[in-house]
Amino acid sequence: MRPELTVLLTSEQIQDRVEQLGREISRDYPDGPLYLIGILKGSFLFLADLARAISTPCRVEFMGISSYGRGKRSSGEVKVTKDLDVSVEGFDVLVVEDIIDSGVTLTYLLNVLEQRKPKSLGIVTMLDKPERRQRPVRPAYVGFRVPDEFVVGYGLDFAEDYRNLKDVCVLHDGPAV
Ligand code: IMP
Ligand code: MG
């Protein structure tokens, strides 16, 4: 069956919300430097827009985590595919995620980052699917709560496609996994 997309969040809605999140984060972290750690690859557009909406001096780093493979559901197996190049000991750190689903990926990642002794460790996620949570992950900042649907666009992929869509869309009738 041919995949079909319906718009869930327009790029205007996303941009407005990102501006609001940027203001909240700037207010909550008045003193820099604030480390923004983008989780590759899904967070790349959100991080690019969010960083420009934050007035606090920021440093940008990336980590790679894999848990999904090519399917629509987490394989449950998490591994670090790209680690930080710097020490974040004693710094404020915000993990920047595209979406929290089961919470398995972030639970694993937070454990890894806690060991690096940051001054504080928080999460900002563009999307949250709280219905699907298997682990108790509580993001400090959430762009939008979304229903239990598979979404793509604004960085989010299905098997590496659709990341460059400006809107967040629901992917219907995708190939079986
Ligand atoms: P979790 O470990 O189940 O919370 O999965 C989190 C990761 O799975 C996210 O960072 C995404 O990369 C991916 N993911 C979860 N739900 C979706 C979705 O609806 N569309 C695209 N990727 C998703
Ligand atoms: Mg991800």
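Both ligands and their constituent atoms are indexed starting at 1 by order of listing.
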Does either side chain, that of Arg17 or that of Gln20, offer a donor lying less than 3.5 Å from an acceptor on the other one?
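A pair is found: one side chain offers a donor N or O, the other an acceptor, under 3.5 Å apart.
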Classify the side-chain pair Asp167/Thr10 by whether it contains a donor and acceptor separated by less than 3.5 Å.
no
Looking only at N/O atoms, are Gly103 and ligand 1 under 3.5 Å apart anywhere?
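Yes; the residue has a nitrogen or oxygen that sits under 3.5 Å from a nitrogen or oxygen of the ligand.
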Test your reading of the structure: does Val151 have an N or O sitting under 3.5 Å from an N or O of ligand 1?
yes
So is Asp157 in contact with ligand 1, going by heavy-atom distances below 4.0 Å?
yes
Looking only at heavy atoms of Arg133, does any of them come nearer than 4.0 Å to an atom of ligand 1?
no
Using a 4.0 Å heavy-atom cut-off, say whether Asp98 meets ligand 1 through its side chain, its backbone, both or neither.
side chain
For ligand 1, is any non-hydrogen atom under 4.0 Å from Arg132's backbone (N, CA, C, O), its side chain (CB onward), both, or neither?
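Looking at Arg132 and ligand 1, no heavy atom falls under 4.0 Å.
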What class does the angle between the rings of Phe150 and Phe158 fall in, given that below 30° is parallel, 30 to 60° is tilted and above 60° is perpendicular?
perpendicular
Leu127 vs Ile100, side-chain contact (heavy atoms from CB on, under 4.5 Å): CA-CA, chis, key distance, verdict
CA-CA 7 Å; Leu127 304 177; Ile100 308 178; over 6 Å; no
Distance under 4.0 Å to a non-hydrogen atom of [X]: what atoms of ligand 1 satisfy this?
{"X": "Thr105", "answer": "1 (P), 2 (O), 5 (O), 6 (C)"}
{"X": "Glu97", "answer": "10 (O)"}
{"X": "Lys129", "answer": "16 (N), 17 (C), 18 (C), 19 (O)"}
{"X": "Ser102", "answer": "1 (P), 2 (O), 3 (O), 4 (O)"}
{"X": "Glu149", "answer": "19 (O)"}
{"X": "Phe150", "answer": "17 (C), 18 (C), 19 (O), 20 (N), 21 (C), 22 (N)"}
{"X": "Leu156", "answer": "21 (C), 22 (N)"}

Give a yes or no on whether a salt bridge exists between Asp83 and Arg116, defined as a side-chain N under 4.0 angstrom from a carboxylate O.
yes
Does the pair Lys41/Glu160 count as a salt bridge with the N-to-O cut at 4.0 Å?
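Looking at Lys41 and Glu160, the cut-off is met.
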same_hphob_cluster(Ile37, Val142) at 4.5 Å side-chain heavy-atom cutoff:
no
Check: Asp49 and Tyr154 side chains under 4.5 Å, non-hydrogen atoms:
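Yes, their side chains come closer than 4.5 Å.
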Under 3.5 Å, is there a donor-acceptor pair between the side chain of Ser102 and the main chain of Arg133?
no
